[in-house]
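Shown next, in structure tokens, is the structure this report addresses.
Here is the naming used below: chain letters follow the sequence lines, and residue numbers restart at 1 for every chain.
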Amino acid sequence: MIKIKLPDGSIKEYEKAVTALEVASDISKGLAKSVVAAKIDGNVRSLTDPIKQDSDLLLLKFEDEGADHVYRHTSSHIMAHAVTSLFPGTKLAIGPSINNGFYYDFDTDHIFTDEDFPLIEKKMEEIIKADYPIERFTLPKNEALDFVKNNPYKYELVTDLDENEDISFYRQNDFVDLCAGPHLPSTGKVKVVKILSVAGAYWRGDEKNKMLQRLYATSFPSQAMLDEYIYKMEEAKKRDHRKLGKELDLYDIFEEGPGFPFFFPKGMEIRNQLIDYWRREHKRAGYGEIQTPIILNEELWHRSGHWDHYKNNMYFTTIDEGNYAIKPMNCPGGMLAFKRRMYSYRDLPLRTAELGLVHRHELSGALHGLMRVRCFTQDDAHIFMTEDQMKQEIVGVINLMEKIYSLFNFEYKVELSTKPENSMGTKEQWDIAENALQEALESLNMKYELNPGDGAFYGPKIDFHIQDSIGRTWQCGTIQLDFQMPERFDLTYMGADGNKHRPVMLHRALFGSIERFIAILTEHYAGAFPVWLSPVQVKILPLTDRQAEYAQKIRDILMANDIRVECDFRSEKIGYKIREAQLEKIPYMIVVGDKEMENNQVAVRVRKVGDIGTMFLEEFQNRIVKEINEKV
RNA sequence: GCUGACAUAGCUCAGUCGGUAGAGCACCUCAUUGGUAAUGAGGAGGUCGGCAGUUCGAUUCUGCUUGUCAGCUCCA
């Protein structure tokens, strides 16, 4: 007798092995129809996997966590099935589910274009309609290798699998794919599919390998859900900072300087507000600010290790026959600044901050608006400290980071990146540094992911990643521990014992890059910045020419109080002026007509709520100044 | 850098099966002086990304090139 325990506590008993699908059928036909996978003792499994012993069973619908991945994984098999039948000879590589969809990598002479999409979709629909059962079978490794011998990709995948375990395959009609599963019970479970795009992707993500063709697609249990998804994506694209930056006249990048952004007066206003805020917070947190040159001689970069580890990303120039480099990082300059004099242990931790403009040769294909550029301003800082001070300083930086990120209500993901292949220093130094970062994270109970091999060449790092409007994540803040630079530059401080000691160094950036951070902010607020950041905070809209003088008077008063204000004196109707101010996403509009002028008042319209009525200027001013100061 | 797609007025886009281009918005002028998301009329604006080739003739076809977009790789 097998006992199946359901989430409501009830228990179903079966004489012999049963499948989750059968259990669902026993409960109700409708349930059996809507369920897509099963969680058996906590593991997501196919509905058709036999349950041979007493188990906890949770039936998963598409909406339940993990179920969409099963649904999309089967969808990817259906797409591979369709592609191999339409383009015989196509070799399959890998085809996983991803968030909101799935992809499959193909190796074929046929070059996929958008025009192929409807064809492939049509074939997929046929496969769905045929409702082929999906069957799992396993082979021992040697037989599995023989089975996939005509496909070098699958052969490589099987080769890497464990010798002692049977290797599973899934079959639907004449299509078979190597796959760990789980899967839907039959192809008919998938309802609507849509191929979204095609792009190149290297086999196993290695640029030395062959580039395959990757078809991105998605699938849903209903057309309405697909439509909603597509609508959401289109809405999200309207928040794209490249579009908004241009529309709101904040910043742009021209063909004359790929990856080298221009900031216009309104963009500079946001930038300067951010920097003002940054300066205040850093003063309070005990940082001194420095500025180091953009160009320094080549020898410095040999000394720092950048020549050996970072040369490909650097720009060079010559001055009076001497070789110079344009800085890709601020640290070597920061080293020189530290070395200018002798420090006592009493000076440590020494926190020096720098808004440093760095230039990096990024691959042309990697450029992306303000998110990935070739010159950007890091809100960098270098903290020189004793080993004893490490943890406390890391914690201090994390707290400052959280303070700043919470001001913007950002959700972020934390990663701990460890020793890369091409790195400086000993394993022991790396271990100490990695442990220090890890301990700091754990002492703060922070959730983080391990990102092995992704540290900087001089040390491990904690990275803070924030999502853009369509869910791509970008690294912003970073905290990097470095034992190498102090050694390379022979940094020392005088200890209490009267001997010279070597400090440890911490590199960190909170915004990461001002440019990227502004891009993230633009998308986060969809261009409707909070009042303190808004390039124009108030727009005064006189109803007619009669109020022009009064409007100017109000403007002068607000300007004198450091409020960023503009007047719209054009002879347009009020509706038109409001519409335009609204599209410019200006937080406050002041409408003045004869009534307001007579009573010495202003009619206030708030961007998000509309008309809030008339008040005296002072009242309005108190309101907006409070909002600016509180940064709400 | 790689794979694919794209590039027409400041912006969003239409168009020419090869005969040097058009709309809306924005801009300028004039009229209009209005009450919370588009007043009307007129005007100006493009060597159709750049360089070659094919052709009597190229914005259109071909090659190269620059840039952009999506993804891969890389990264703040």
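Residue contacts shown for Glu362(A) include a base, since a base heavy atom lies under 4.0 Å away. Among the heavy atoms of the strands lying under 4.0 Å from Ala366(A) is at least one base atom, whether or not backbone atoms are also near. Contacts of Met371(A) with the nucleic acid, taken as non-hydrogen atoms under 4.0 Å apart, include base atoms. In this structure, Tyr216(A) reaches the sugar-phosphate backbone alone: every heavy-atom distance under 4.0 Å involves primed, P, OP1 or OP2 atoms, never a base. Contact annotation for Val373(A): base contact, defined as any heavy-atom pair under 4.0 Å involving a base atom. Among the heavy atoms of the strands lying under 4.0 Å from Gly575(A) are primed sugar atoms or P, OP1, OP2 only; no base atom is included. Nucleic acid contact class of Glu255(A) (heavy atoms, under 4.0 Å, all strands): base. Using a 4.0 Å heavy-atom criterion, one finds that Arg214(A) contacts the sugar-phosphate atoms exclusively. Gln213(A) comes within 4.0 angstrom of no nucleic acid atom, judged by non-hydrogen atoms across all strands. Using a 4.0 Å heavy-atom criterion, one finds that Ile111(A) contacts the sugar-phosphate atoms exclusively. Contact annotation for Gly205(A): backbone-only contact, meaning every heavy-atom pair under 4.0 Å involves sugar-phosphate atoms and none involves a base. Residue Ile578(A) is in base contact, counting any heavy-atom pair closer than 4.0 Å across all strands shown. At a threshold of 4.0 angstrom between heavy atoms, the contacts of Lys208(A) with the nucleic acid are absent. Nucleic acid contact for Asn313(A): none, since no nucleic acid atom lies under 4.0 Å from a heavy atom of the residue.
Within the shown strands, nothing qualifies as a pairing partner of U16(B) under the Watson-Crick or G-U definition with both distances less than 3.5 Å. Across all strands shown, C30(B) forms a Watson-Crick or G-U wobble pair, both distances under 3.5 Å, with G40(B). Partner assigned to C75(B) is none, using Watson-Crick or G-U wobble distances below 3.5 angstrom. Nucleotide G10(B): paired with C25(B) (Watson-Crick or G-U wobble, both distances less than 3.5 Å). Here G57(B) sits opposite no nucleotide as a Watson-Crick or G-U wobble pair (both hydrogen-bonding atom distances under 3.5 Å). Under the Watson-Crick or G-U wobble criterion, with both distances below 3.5 Å, U3(B) is paired with A70(B). Across all strands shown, G63(B) forms a Watson-Crick or G-U wobble pair, both distances under 3.5 Å, with C51(B).
Comparing the same atom, P, in C48(B) and in G19(B) gives a spacing of 15 Å after rounding to whole Å. Using atom C1' as the reference point in both G45(B) and C25(B), the two lie 14 Å apart (nearest Å). Taking the P atom of each, A38(B) and G49(B) are spaced 36 Å apart, rounded to whole Å. A distance of about 15 Å separates the C1' atoms of U20(B) and C56(B), rounded to the whole Å. Here, U8(B) and U47(B) have their C1' atoms 13 Å apart, quoted to the whole Å. U73(B) and G1(B) have their C1' atoms separated by 8 Å, with the value rounded to a whole Å. Taking atom C1' on both nucleotides, U3(B) is separated from U60(B) by 26 Å, rounded to a whole Å. Between A26(B) and G10(B), the two P atoms lie 16 Å apart (nearest whole Å).
OP1 and OP2 of G67(B) both lie 4.0 Å or more from every side-chain N or O belonging to Arg242(A). Residue Arg546(A) has a polar side-chain atom (N or O) positioned under 4.0 Å from OP1 or OP2 of G34(B). Here Gln582(A) does not reach the OP1 or OP2 of A37(B): none of its side-chain N or O atoms lies under 4.0 Å away. Taking 4.0 angstrom as the limit, Arg570(A) places none of its side-chain polar atoms (N or O) nearer than this to OP1 or OP2 of U33(B). Taking side-chain N and O atoms only, Arg472(A) has a distance below 4.0 Å to OP1 or OP2 of A70(B). Regarding contacts with the backbone of C75(B), every side-chain N or O of His368(A) stays at 4.0 angstrom or more from both OP1 and OP2. Side-chain nitrogen and oxygen atoms of Ser364(A) include at least one within less than 4.0 Å of the OP1 or OP2 phosphate oxygen of G1(B). For Lys573(A) and U36(B), the shortest distance from a side-chain N or O to OP1 or OP2 is not below 4.0 Å.
Within the 4.5 Å cutoff, side-chain heavy atoms of Leu355(A) are placed close to those of Ile514(A). Proximity of Tyr405(A) to Ile466(A): side-chain heavy atoms (C-beta onward) are separated by under 4.5 Å at one or more points.
Relative orientation of the Phe517(A) and Phe511(A) rings is tilted, given thresholds of 30° and 60° on the angle between their planes.
Nearest-nucleotide mapping onto RNA chain B: of Lys243(A) and Met589(A), the residue sitting toward the 5' end is Lys243(A). Nearest-nucleotide positions on RNA chain B place Thr544(A) closer to the 5' end than the other of Thr544(A) and Gly477(A).
Salt bridge status for Glu362(A) with Arg374(A): absent, with no side-chain N to carboxylate O gap under 4.0 Å. We find that Glu523(A) and Arg472(A) are not joined by a salt bridge, their nearest charged nitrogen and carboxylate oxygen being 4.0 Å or further apart.
In the set A76(B), A5(B), U73(B), the nucleotide with an atom closest to the side chain of Tyr202(A) is U73(B). When distances run from any side-chain atom of Leu367(A) to the nucleotides U73(B), U36(B), U68(B), the shortest one goes to U68(B).
Applying the 3.5 Å distance criterion, the base of C74(B) shares a donor-acceptor pair with the side chain of Arg372(A). A donor and an acceptor atom sit less than 3.5 Å apart, one in the side chain of Glu596(A) and one in the base of G35(B). Applying the 3.5 Å distance criterion, the base of G34(B) shares no donor-acceptor pair with the side chain of Tyr576(A). Between the base of U33(B) and the side chain of Ser571(A) there is no donor-acceptor pair shorter than 3.5 Å.
Note: CD (Glu256(A)) to P (G49(B)) measures 15 Å, nearest angstrom. Per the geometry, CD belonging to Glu234(A) stands 15 Å off C1' belonging to A70(B), to the nearest Å.
Cation-pi geometry between Arg360(A) and Tyr315(A) is not satisfied (NZ or CZ under 6.0 Å from the ring centre, within 45° of the ring normal).
The only member of Gln480(A), Gln475(A), Lys413(A) that meets side chain to side chain donor-acceptor pair (under 3.5 Å) when paired with Asp463(A) is Gln475(A).
For Asp206(A), the CG atom counts as densely surrounded, since its 6.0 Å shell holds more than 12 non-hydrogen atoms of other residues, nucleotides or ligands.
Inspection of the Lys327(A) and Thr292(A) side chains reveals an N or O donor paired with an N or O acceptor under 3.5 Å.
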